[in-house]
Amino acid sequence: MTAQIIDGKAIAKQCRKALKGRVKEFTEQYGHAPGLGVILVGDDPASAVYVRNKEKACEKVGINSFHRDLPATATQEQVAAIIDEMNADDRVHGILLQLPLPKGLDEQAMLARIHPDKDADGFHPINAGYLAVGKEGYVPCTPKGVMTLIESTGQSIEGAHAVVIGRSNIVGKPQAQLLLGKNATVTVCHSRTRNLPEVVAQGDIVVAAVGRPEMVKGDWIKEGAIVIDVGINRRDDGTLCGDVDYDAAAERAGWITPVPGGVGPMTIAMLLENTLEGAIRKAESR
Ligand code: NAD
């Protein structure tokens with residue numbers, strides 16, 4: 001079998017197009033655009049690029065972005081003060097605190113400081129709890145985008161065995177919750193899993209979110225499986241690759257996402273969607 005490629009770039013483009021229409025409707029109905037507050041602490045070049053891309057994406061669909069920069073020497077109190085300002089700012093419906101924060105700052109404390117109603121990244125413990133109990137709230141962008149990619153195959157998630165590799169709070173755990181919410185049978189693997197190849201081989205759906213170049217081998221993949229590669233890794237020669245050995249896995253999978261051009265573009269599209277949905281919830285609660 002040779003896998004069909006799940007074109008995340010094209011699917012994300014469709015999502016952004018639909019969002020642009022919804023943002024326009026929102027803005028006409030309520031007299032203001034949705035707004036995303038973006039906080040960048042420190043001078044990590046990769047984070048600066050991510051932030052710029054997110055702001056550009058906002059602009060293209062008509063979402064306002066409000067940017068605040070802080071130096072790498074910023075104290076916890078200074079970061080908290082900016083978060084508090086954005087929590088109180090009615091123009092801001094979603095807040096994005098770009099991670100990782102410089103060493104010495106408590107990431108979990110800062111994420112928990114963001115008001116749960118403005119938690120566009122869905123990392124606040126209250127939103128993680130809502131996801132766990134199946135209540136409406138913000139859902140983390142990457143796993144949310146992965147669900148759209150899986151659904152794009154037209155295959156049923158219900159009853160399928162989904163194997164999630166990775167248990168981080170931002171990808172693996174919420175991914176498992178989302179798949180469970182769609183009635184998949186879910187197995188979560190991690191660094192201590194003993195027989196990873198055998199477990200992965202049971203997956204009708206495999207989501208790899210580890211951060212190790214091409215560690216998931218092609219012969220682990222069940223024939224016809226849906227393979228979603230969340231990993232973004234740089235090879236020694238500078239080129240990008242995922243967590244899955246793409247060429248070999250594509251020989252066995254039914255569907256597979258490329259890296260780049262798979263999950264990455266969806267993450268930004270979902271951030272825009274979360275911001276709009278936050279703005280709608282706020283407007284409707286008035
Ligand atoms: P993380 O480091 O927080 O978590 C990695 C997980 O992998 C851990 O739960 C760990 O237990 C597991 N793991 C480590 N070694 C393993 C092994 N040998 N076998 C099985 N599991 C193992 O990483 P993260 O933040 O979840 O990100 C994972 C990857 O996804 C990274 O490459 C990251 O860059 C990428 N990512 C991509 C996007 C995107 O938009 N495409 C978004 C977030 C993360």
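The figures that follow rest on heavy atoms only: side chains count, while hydrogens, waters and symmetry mates do not. Positions are given from 1 along the sequence. Atoms within each ligand, like the ligands themselves, are counted from 1 in listed order.
For Val171, no nitrogen or oxygen atom sits less than 3.5 Å from a nitrogen or oxygen atom of ligand 1, counting backbone and side chain alike.
If you run side-chain contact (heavy atoms from CB on, under 4.5 Å) between Val146 and each of Val171, Thr267, Val207, only Val207 comes through. Each of Val38, Leu40, Leu105, Val79 was checked for a side-chain contact (heavy atoms from CB on, under 4.5 Å) with Leu97, and the lone residue meeting it is Val79.
Note on ring orientation: taking the six-membered ring where Trp is involved, the planes of His93 and His32 are parallel (angle under 30°, cut-offs 30° and 60°).
The protein atom (non-hydrogen) at minimum distance from atom 42 (C) of ligand 1 is Thr142 OG1, 3.2 Å. Regarding atom 21 (N) of ligand 1, its nearest protein heavy-atom neighbour is His190 C, 3.1 Å. Protein heavy atom at the shortest distance from atom 25 (O) of ligand 1 is Ile170 CD1, 3.5 Å. Atom 10 (C) of ligand 1 has as its closest protein heavy atom Ser191 N, 4.0 Å. Distance from atom 31 (C) of ligand 1 to its nearest protein heavy atom, with residue and atom name: Gly211 CA, 3.6 Å. With respect to atom 9 (O) of ligand 1, the closest heavy atom belonging to the protein is Arg167 N, 2.8 Å. In terms of protein heavy atoms, atom 34 (O) of ligand 1 is closest to Ile232 O, 3.7 Å.
Closest heavy-atom approach to atom 35 (C) of ligand 1 within the set Val146, Val263, Val230: this belongs to Val230. Considering each of Ser168, Pro140, Pro100, the one bringing a non-hydrogen atom nearest atom 26 (O) of ligand 1 is Ser168.
Under a 3.5 Å cut-off, the side chain of Asn87 and the backbone N or O of Arg113 do form a donor-acceptor pair.
Atom NZ in Lys182 sits 14.0 Å away from atom CD in Gln177 (nearest 0.5 Å). The OG atom of Ser191 sits 5.0 Å away from the CZ atom of Arg167 when rounded to the nearest 0.5 Å.
Heavy-atom neighbours of Glu59 CD from other residues, nucleotides or ligands within 6.0 Å: at or below the threshold of 12.
When only modelled atom types and interatomic distance are considered, Asp121 and Asn274 share no side-chain donor-acceptor pair under 3.5 Å.
Contacts of Thr267 with ligand 1, taken as heavy-atom pairs under 4.0 Å, involve the side chain alone. Contacts of Arg212 with ligand 1, taken as heavy-atom pairs under 4.0 Å, involve the side chain alone. Using a 4.0 Å cut-off between heavy atoms, Val210 contacts ligand 1 through both its backbone and its side chain. By the criterion of a heavy-atom distance under 4.0 Å, neither the backbone nor the side chain of Thr193 is placed next to ligand 1.
Atoms of ligand 1 found under 4.0 Å from any heavy atom of Ile165 (numbered from 1 in listed order, with element): 20 (C), 21 (N).
Residue contacts with ligand 1 include Gly264, since one of its heavy atoms falls under 4.0 Å from the ligand. Not a single heavy atom of Arg192 lies less than 4.0 angstrom from ligand 1. Ligand 1 has at least one atom lying under 4.0 Å from a heavy atom of Ala209.
Within the 4.5 Å cutoff, no side-chain heavy atoms of Val164 are placed close to those of Val206. Between Lys144 and Met266 there is no side-chain heavy-atom pair separated by less than 4.5 Å.
Between Asp89 and Arg91 there is a salt bridge, since a side-chain N of the basic residue sits under 4.0 Å from a carboxylate O of the acidic one.
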